[in-house]
Each structure stands twice: as C-alpha cells, then as structure tokens.
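Here is the structure we will look at.
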Amino acid sequence: MARPRHLYVFCYDIEKNADRVRVSGILDNQLVRVQQSVFEGRLTREAAWTLAERSKVAMGPEDNLRVYCLTESGRKLSMAFGGAPIPEADEFWIV
C-alpha cells in the first residue's frame, strides 16, 4: 500500500545569494515554486524530511527554512489569490 502523500509547503529566508540559489535548486527539482521563496508539492513524510535535510545542509547558520504539512482538511480551508491555484485533492492528468 502506498504511503499517504500530503501537501507540503516549504518556505525559506536565506541571506546569501549562492546559498539561496542552491536551496531553490534542490526544492525546484521536486516541488512547484508558488512565490519567490515558497514551494509546494505532494510528498510522503519521508520524502519531505529528506528534502528538508538536503536543503538544511545548503543553508547558512543564520538562515531559516519552514516546512508545513497540510492535511486534506487543511487544504480544503486554504485560499490562493493570484498565481497558481491550491492543488487538487488528488493528482490527475489531462490528456
């Protein structure tokens, strides 16, 4: 059985441009950038942990990273104005 995937939101405040570029590159490989320093995507808990740990290694000591997990009930209560819409309950393909 597949592990549950929740919507994760990663946001950071990173001082040095080189560190910021490194972290954004790590996150951009698996998530969707929804604002300059905010990414979101559906991940398992383990995948989110791994991605956060990889990002942490690329950060400086004064930088910070926040990772929020939205369950389905939280996703339903979320709002977006402008930009990409809040992701659907399940991933789907339109062909």
Side-chain angles (χ1 to χ4, degrees):
M1 176 182 252
R3 295 196 179 254
R5 292 165 43 115
H6 296 294
L7 179 61
Y8 281 88
V9 178
F10 286 65
C11 47
Y12 57 78
D13 184 14
I14 297 176
E15 184 178 341
K16 292 181 182 175
N17 191 49
D19 294 345
R20 192 169 43 253
V21 168
R22 229 177 350 266
V23 171
S24 69
I26 292 167
L27 298 177
D28 209 21
N29 284 332
Q30 294 186 33
L31 304 172
V32 174
R33 185 188 294 254
V34 294
Q35 290 186 6
Q36 196 65 18
S37 60
V38 180
F39 293 78
E40 66 185 19
R42 293 193 178 283
L43 301 168
T44 63
R45 182 179 63 191
E46 294 81 7
W49 179 265
T50 299
L51 196 55
E53 286 294 319
R54 286 184 56 217
S55 299
K56 184 175 84 171
V57 170
M59 295 169 46
E62 300 299 319
D63 299 335
N64 68 70
L65 171 70
R66 297 281 188 256
V67 181
Y68 299 99
C69 176
L70 297 179
T71 60
E72 181 56 18
S73 59
R75 187 200 62 80
K76 286 180 181 178
L77 297 172
S78 298
M79 295 175 267
F81 302 96
I86 301 295
E88 297 288 329
D90 293 313
E91 294 181 23
F92 60 92
W93 292 87
I94 298 177
V95 181

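Just so it is clear, the values below take in all heavy atoms, side chains as well, and ignore hydrogens, waters and symmetry mates.
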Next on the checklist: Give me the atom names and distance for the closest heavy-atom approach of R54 to I26.
Outcome noted: O-CD1, 3.6 Å
Next on the checklist: Can you tell me how far apart NZ (K76) and OG1 (T71) are? Round to the nearest 0.5 Å.
Outcome noted: 10.0 Å
Item to check | Non-neighbouring partners of K56 that pass salt bridge (Lys or Arg N to Asp or Glu O under 4.0 Å), sequence neighbours left out | outcome: E53
Item to check | Cluster check V34, L7: I/L/V/M/F/W/Y, side chain < 4.5 angstrom | outcome: yes
Checklist entry - Which heavy atom of S24 sits nearest a heavy atom of R33, and at what distance? => result CB-NH2, 3.3 Å
Checklist outcome for this item: In short, P87 meets E40 closest at the heavy-atom pair CD-OE2, 3.4 Å
Checklist entry - Do the non-hydrogen side-chain atoms of Y8 and L51 ever get within less than 4.5 Å of each other? => result no
Checklist entry - Can you name the salt bridge (Lys or Arg N to Asp or Glu O under 4.0 Å) partners of D19, sequence neighbours left out? => result R22
Next on the checklist: Any non-hydrogen side-chain atom of V67 less than 4.5 Å from a side-chain atom of L65?
Outcome noted: yes
Checklist entry - When you measure from the side chain of R45 to the backbone N and O of A48, does any donor-acceptor pair fall under 3.5 Å? => result no
Item to check | Minimum heavy-atom distance I14-R20, with the two atoms named | outcome: O-NH1, 2.5 Å
Next on the checklist: Hydrophobic clustering (ILVMFWY, side-chain heavy atoms < 4.5 Å, transitive) - are Y68 and W49 grouped together?
Outcome noted: no
Item to check | Contact check, side chains of L27 and S55, non-hydrogen atoms, under 4.5 Å | outcome: yes
Item to check | Side chains of L43 and T50 in contact at under 4.5 Å (non-hydrogen atoms) | outcome: no
Next on the checklist: Would you say V21 ends up clustered with Y12 if hydrophobic residues are merged whenever their side chains have heavy atoms under 4.5 Å apart, either directly or through other cluster members?
Outcome noted: no
Checklist outcome for this item: Distance col, row L70:CG vs R42:CZ, nearest 0.5 angstrom, shows 9.5 Å
